[in-house]
> 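One structure, pasted below without further comment.
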Amino acid sequence: MEKYIERVLNSVKEKDKYEKEFLQAVDEVYTSLDSVIKLHPEFEKFAILERMAEPERFISFRVPWVDDRGNIVVNRGYRVQFSSLIGPYKGGLRFHESVNQSIIKFLGFEQVFKNALTGLPIGGGKGGSDFNPKGKSDNEIMRFCQSFMTELQHHIGQDVDVPAGDIGVGAREIGYLFGQYKRIKDAYEGGVLTGKGLSYGGSLARTEATGYGLIYFMQEMLKNNCDQTFAEKTVTISGSGNVAIYAAEKVLQLGAKVIAMSDSNGCIYDEDGIDLGLIKEIKEVRRGRIKEYIERNPSAKYFESKDGNFPIWDIKTDIALPCATQNELNLDSAKKLVANGVIAIGEGANMPTCKDAIEYFLANNVLVAPAKAANAGGVATSAIEMSQNSMRYYYTFEEVDAKLESIMKNIFYSCKNAAEKYNLGRNYVAGANIAAFLKLAQAMIEQGVV
Ligand code: NDP
Ligand code: 2IT
């Protein structure tokens, strides 16, 4: 490996040795930049790699709140303001019991590259809490969100840092967060959060955007590889949250058959094709468990997840879409998918595929749509929400959807062109890293030592 890359990676591994996911994300990007660094010796002089691996600011704070029984509970809140090079910090908030500094930093690092790929003026950030929303009442969620925002409001603003949703944070949570922000600031600053409800400044198609965007990217990828389409293909989709549901909706519109979906407890397999209306009712309306699907559809099967093993990847499919969480698709699962004839992987989640699994797919000619590029439709539509808020104007659903589709196609060609320019064939994973990196490096050089 290029000496400069190795030296910086070693130093990050030393400094952040306990941050497993963050190290993984940096390693994945930097090890794909070999040929770029060789061509650009000036990047070392400008300390580009060192600066990109160090967040501009990391904030950690106490979130005290009172549960329905009157107990005081203390959670930890985070916001990483990773890079403001090309716009205000932008990225979601994750509420999940597994959230820690490493997870927030890996998500923030990925977000910087993703946001650069959208071509829109947004920097990168991420935040969240180790708060577990499962089983909490609406009032508990509201009190938690109000306490979280009481601290977070010191650090955000519509031209400073603009949070949105991620795992465990959807329209309900964004509503409570926005209400508290507005109350404290005594001003309506619509663009301070995205993913807002349609009644108070949200954008049409933001709910659908990440899932739809993933499929728009993949449509272009399939078209560019032997003119393939989604029609008649079988598709498995892990997760059954925001990203998974709207990826499913779009592939169904394109004539594919979704045969499996999951949640953290297990997966359902319905060889006749999943009834998405029922999934929406269980997950979006009732906030239930995916297992309930088989009560209403006894011909479907349910497989429980055990010991961090995701049974959904054992199912034979043409296309697999990991849309749940990081490192959910490992090398063993990759081997099973390849043995079962998978042709393409689309990463709806952030860093869902382990590095050795990605390498295995690429070595076996499976197309991989990389997360940073393929799931950028959510944040791109968030940026469109911000611009509507600034204009005090709303686009129609069709207008936003058309912009999203065109952004996703452009992102695909950025990845493809970079991969071809650096002789990496159909390695769109490296292509995405390189295209984003070059844009950020350029901005860093032009802005001096900041
Ligand atoms: P949701 O909270 O709406 O849904 C998450 C889904 O993933 C649920 O089905 C959940 O199951 C499952 N899941 C979460 N954590 C785990 C875990 N540790 N193990 C197994 N399953 C798990 O989140 P989103 O759909 O918004 O996010 C999904 C992924 O997409 C995340 O990686 C997120 O970072 C990424 N993403 C989201 C974007 C957005 O706009 N929302 C944009 C780009 C990427 P359960 O209900 O059992 O917890
Ligand atoms: O990972 C992501 O891109 C998101 N969770 C969406 C971020 C956003 O600001 O819309």
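Order of listing sets the numbers, starting from 1, for every ligand and every atom in it.
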> Taking it one step at a time, do D272 and K257 satisfy salt bridge (charged side-chain N to carboxylate O under 4.0 Å, His left out)?
CA-CA 8 Å; D272 300 330; K257 183 155 83 166; 5.8 Å; no
> Can an N or O of A164 be found at a distance shorter than 3.5 Å from an N or O of ligand 2?
no
> Among all protein non-hydrogen atoms, which one is nearest to atom 9 (O) of ligand 2, and what is the separation to 0.1 Å?
K90 NZ, 2.6 Å
> Atom 31 (C) of ligand 1: which protein heavy atom is closest, and how many Å away?
A324 O, 3.3 Å
> Taking 4.0 Å as the limit for heavy-atom contacts, which would you say applies to S305 with ligand 1: side chain only, backbone only, both, or neither?
neither
> E328 and side chain to side chain contact (heavy atoms under 4.5 Å, CB included): which partner among S305, P322, S262?
P322
> With a cut-off of 4.0 Å, which atoms of ligand 1 are near a heavy atom of G348?
30 (O), 35 (C), 36 (N), 44 (C)
> Taking the side chain as every heavy atom from C-beta outward, state whether L321 and V235 have any atom pair closer than 4.5 Å.
yes
> Can you name the atoms of ligand 2, numbered from 1 with element, that are less than 4.0 Å from a heavy atom of S382?
8 (C), 9 (O), 10 (O)
> Which heavy atom in Q153 sits nearest to a heavy atom in T150, and how many Å separate them?
NE2-O, 3.2 Å
> What is the nearest protein non-hydrogen atom to atom 3 (O) of ligand 1, stated with its residue, atom name and distance?
N242 N, 2.9 Å
> Within the structure, does N265 bring an N/O atom to less than 3.5 angstrom of an N/O atom in ligand 1?
no
> Atom 4 (O) of ligand 1: which protein heavy atom is closest, and how many Å away?
G241 CA, 3.2 Å
> Among all protein heavy atoms, pick the one closest to atom 2 (O) of ligand 1 and tell me residue, atom and distance.
G168 N, 2.9 Å
> Is T381 touching ligand 2 with its side chain, its backbone, both, or neither, if touching means heavy atoms under 4.0 Å apart?
neither
> List the steps, then state whether ring pair (Phe, Tyr, Trp, His ring centres under 6.0 Å) holds for F148 with W65.
CA-CA 9 Å; F148 185 86; W65 57 282; over 10 Å; no
> If you measure from atom 9 (O) of ligand 1 to every heavy atom of S98, G377, S240, S264, which option wins on shortest distance?
S240
> Atom 33 (C) of ligand 1: which protein heavy atom is closest, and how many Å away?
D166 OD1, 3.2 Å
> Answer with side chain, backbone, both or neither: which part of R287 has a heavy atom less than 4.0 angstrom from an atom of ligand 1?
neither
> Using 0.5 Å steps for rounding, measure from the OH atom of Y89 to the OG atom of S84.
4.0 Å
> Minimum heavy-atom separation for Y302 and I294, please, with both atom names.
CB-CD1, 3.6 Å
> Under a 3.5 Å distance rule, please check whether D318 uses its side chain to pair with a backbone N or O of T234 as donor and acceptor.
yes
> Checking the N or O distance criterion of under 3.5 Å, is ligand 1 in contact with R94?
yes
> Using a 4.0 Å cut-off to any heavy atom of G239, which atoms of ligand 1 qualify?
9 (O)
> Pick one of side chain, backbone, both or neither for how K134 approaches ligand 1, counting any non-hydrogen atom pair under 4.0 Å.
side chain
> Between K126, K114, R94, M386, flag the one that comes closest to atom 3 (O) of ligand 2 by a heavy atom.
K114
> Is there a polar contact between ligand 1 and G378, counting only N or O atoms under 3.5 Å apart?
no
> For atom 14 (C) of ligand 1, which protein heavy atom lies nearest, and how many Å away is it?
I167 CD1, 4.0 Å
> On a heavy-atom basis, which atom in V400 and which in A205 lie closest, and how many Å separate them?
CG1-CB, 3.9 Å
> Once you restrict to heavy atoms under 4.0 Å, what part of E110 touches ligand 2? Side chain, backbone, both or neither.
neither
> G165 near ligand 2, heavy-atom distance under 4.0 Å?
yes
> Would you mind checking which non-hydrogen protein atom is closest to atom 46 (O) of ligand 1, with the distance to 0.1 Å?
R289 NH1, 3.5 Å
> Please round to the nearest 0.5 Å and tell me the distance separating atom CD of E28 and atom CG of L33.
12.0 Å
> With heavy atoms only and a cut-off of under 4.0 Å, state how E385 meets ligand 2: side chain, backbone, both or neither.
neither
> I'd like to know if the side chain of N297 and the backbone of S299 have a donor-acceptor N/O pair within less than 3.5 Å.
no
> Out of D263, I312, T325, V169, who gets a non-hydrogen atom closest to atom 19 (N) of ligand 1?
T325
> For N389 and E189: C-alpha separation, side-chain torsions, deciding distance, then whether side-chain contact (heavy atoms from CB on, under 4.5 Å) applies.
CA-CA 9 Å; N389 296 146; E189 287 176 34; over 6 Å; no
> Kindly confirm or rule out an N or O of T210 lying under 3.5 angstrom from an N or O of ligand 1.
yes
> Looking only at heavy atoms, is any part of R206 under 4.0 Å from ligand 1, and if so is it the side chain, the backbone, or both, or is it neither?
side chain
> Is it true that the NZ or CZ of K403 lies under 6.0 Å from the centre of Y395's six-membered ring and within 45 degrees of the ring axis?
yes
> Please could you name the atoms of ligand 1 that K114 approaches to less than 4.0 Å, counting only its heavy atoms?
43 (C)
> Provide, to 0.1 Å, the distance between atom 37 (C) of ligand 1 and the closest protein heavy atom, together with that atom's residue and name.
V243 CG2, 3.4 Å
> Looking at every heavy atom in both N433 and S32, which two are closest together, and how far apart are they?
ND2-OG, 3.0 Å
> Please give me the minimum heavy-atom distance between A320 and V342, naming the atom from each residue.
N-CG2, 4.1 Å
> Quiz question: by atom type and distance under 3.5 Å, do the side chains of N350 and N375 form a donor-acceptor pair?
yes
